[in-house]
Amino acid sequence: MTDKANISSDGHRQRIRDKFLKNGGSSFADYELLEAYLTIAIPRRDVKPLAKQLIAKFGSFADVISAKSEDLLAVSGVGENTVFALKMVQEASKRLSWEVLKNSDAPVIASMDALVDYCRMSMAYQDVEEFRLIYLNGKNMVIGENVQQKGTVNHVAIHPREVVKAALEKKASAVIMVHNHPTGDTTPSKADIDVTRKVKEALDAMGIVLHDHVIVGKFGYYSFRDAGLI
């Protein structure tokens with residue numbers, strides 16, 4: 001790269017930084033936000049073409065940071081340092097959304113947006129189904145969570161006995177079941193409805209409330225409570 005090109009690139013990077021610091025990132029298109037981040041991860045290089053290439057391949061900023069490492073590495077111009085940087089953003093986003101949910105002074109029923117944001121960030125972009133439990137205290141405030149099972153692209157095993165056992169170990173007064181549909185369609189299957197009923201019955205017997213069962217996808221969610229199924 002010539003000195004003239006270096007100067008031009010440096011000037012462009014500075015304009016990106018100035019725009020972000022002045023107005024925040026909400027005014028950025030996905031490729032612009034990704035380009036802004038890549039200027040830090042990949043110094044001294046024009047990263048706009050790479051940012052546009054990544055968005056074109058994966059679909060959005062969220063899709064890029066959530067993509068598998070091996071799929072990112074398959075893109076020309078992406079090395080291990082870039083993958084490391086992108087995965088750090090993904091992990092930071094998960095932790096931030098979890099802290100917002102866990103540290104809320106409101107019960108989870110009043111923090112549904114925070115709950116859905118965390119679940120979608122943590123699960124919606126995976127290519128297999130995952131089942132996790134979120135534990136609540138007597139005031140319906142979040143006290144913990146854990147992943148129970150990972151499954152296939154269209155199935156994950158949910159065992160009522162294991163749900164009860166986990167809730168008792170956490171001394172939870174209530175639980176929220178969450179699983180993802182990698183297809184993006186959050187409509188519950190008959191199996192989803194049946195196992196929810198069985199889990200509710202098992203928890204009821206132990207005096208523990210099944211607060212909700214939430215199915216998340218990339219573009220939305222389904223709440224059994226909102227649908228009147230709990």
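- For the pair Lys87 and Glu91, the salt-bridge criterion is not met [side-chain N within less than 4.0 Å of a carboxylate O].
- Membership of the apolar cluster around Ile143 extends to Phe131, Leu133, Tyr135, Val156, Ile158, Val163, Val164, Leu168, Val175, Met177, Ile193, Val195, Val199, Leu203, Met206, Ile208, Leu210, Ile215, Tyr222, Phe224, Leu229, Ile230, as traced through chained side-chain contacts below 4.5 Å between ILVMFWY residues.
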Is there a side-chain contact (heavy atoms from CB on, under 4.5 Å) between Val209 and Lys200 once you walk through the steps? CA-CA 7 Å; Val209 176; Lys200 184 178 186 307; over 6 Å; no
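- When side chains are defined from C-beta on, Val178 does not count as touching His213, because their heavy atoms never get closer than 4.5 Å.
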side-chain contact (heavy atoms from CB on, under 4.5 Å) evaluation trace for His159 with Gln149: CA-CA 9 Å; His159 304 292; Gln149 296 284 341; 4.1 Å; yes
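- Contact detail for Met123 and Glu130: the closest heavy-atom pair is CE-O, 3.1 Å.
- Within the 3.5 Å criterion, the main-chain N or O of Ala62 finds a donor-acceptor partner in the side chain of Ser66.
- Checking side-chain atoms of Asp30 against main-chain N and O of Phe61 turns up a donor-acceptor pair under 3.5 Å.
- With rounding to the nearest 0.5 angstrom, the OG atom of Ser97 is 9.5 Å from the CD atom of Glu99.
- In this structure, CD on Gln90 lies 12.0 Å from CZ on Arg95, to the nearest 0.5 angstrom.
- Nearest heavy atoms, Pro182 versus Glu129: CD-CG, 3.6 Å.
- The closest donor-acceptor contact from the side chain of Asn180 to the backbone of Ala124 lies at 3.5 Å or more, if one exists at all.
- A donor-acceptor pair shorter than 3.5 Å can be found between the side chains of Glu145 and Tyr118.
- Remark: Glu80 CD is loosely packed, at most 12 non-hydrogen atoms of other residues, nucleotides or ligands lying under 6.0 Å away.
- Residues Ser223 and Asp212 bring a donor and an acceptor atom of their side chains to less than 3.5 Å of each other.
- Among the candidates Ile176, Leu115, Ile134, the single residue satisfying the side chain to side chain contact (heavy atoms under 4.5 Å, CB included) test with Val142 is Ile134.
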Would you sort out whether Arg45 and Ile42 count as a side-chain contact (heavy atoms from CB on, under 4.5 Å), showing the intermediate values? CA-CA 7 Å; Arg45 175 177 148 198; Ile42 308 175; 3.8 Å; yes
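- Under the 4.0 Å criterion applied to side-chain N and carboxylate O atoms, Lys198 and Asp194 are not assigned as salt-bridge partners.
- Between the side chain of Thr39 and the backbone N or O of Ala36 there is at least one donor-acceptor pair closer than 3.5 Å.
- One side chain, Asp63 or Ser60, offers a donor N or O that lies under 3.5 Å from an acceptor on the other.
- From Leu34, atom CG reaches atom CD of Gln53 across 11.0 Å, with rounding to the nearest 0.5 Å.
- For the residue pair Asp185 and Thr187, a side-chain donor N or O sits within less than 3.5 Å of a side-chain acceptor on the partner.
- Taken from OH in Tyr37 to OG1 in Thr82, the straight-line distance is 9.0 Å, to the nearest 0.5 Å.
- Under the 4.5 Å side-chain contact rule for hydrophobic residues, Leu86 and Ile55 share a cluster.
- The shortest non-hydrogen separation linking Leu72 to Phe58 is CD2-CE1, 3.7 Å.
- Met121 is not connected to Met112 by any chain of hydrophobic side-chain contacts under 4.5 Å among Ile, Leu, Val, Met, Phe, Trp and Tyr, and they are in different clusters.
- There is no path of hydrophobic side-chain contacts, each under 4.5 Å, that joins Trp98 to Tyr125.
- By the rule that hydrophobic residues join a cluster once side-chain heavy atoms approach within less than 4.5 Å of another member, Val89 and Val75 end up as members of one cluster.
- Remark: Met88 CE to Ile65 CD1 distance equals 12.0 Å, nearest 0.5 Å.
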Does the side-chain contact (heavy atoms from CB on, under 4.5 Å) test come out yes or no for Val78 and Val83, once each step is laid out? CA-CA 7 Å; Val78 174; Val83 171; 3.7 Å; yes
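- One distance of note links CZ of Arg197 with CG of Asp192; it measures 13.0 Å at 0.5 Å rounding.
- If you chain together hydrophobic residues whose side chains sit under 4.5 Å apart, Val64 and Leu73 fall into the same group.
- Listed here is the closest heavy atom pair of Lys48 and Glu35: CB-OE2, 3.5 Å.
- Scanning both residues, Gly217 and Arg120, for their nearest heavy atoms gives O-NE, 3.3 Å.
- Nearest heavy-atom pair across Asn140 and Ala174 is OD1-CB, 4.0 Å.
- Taking the six-membered ring for Trp and the full ring otherwise, His179 and His181 have centroids separated by under 6.0 Å.
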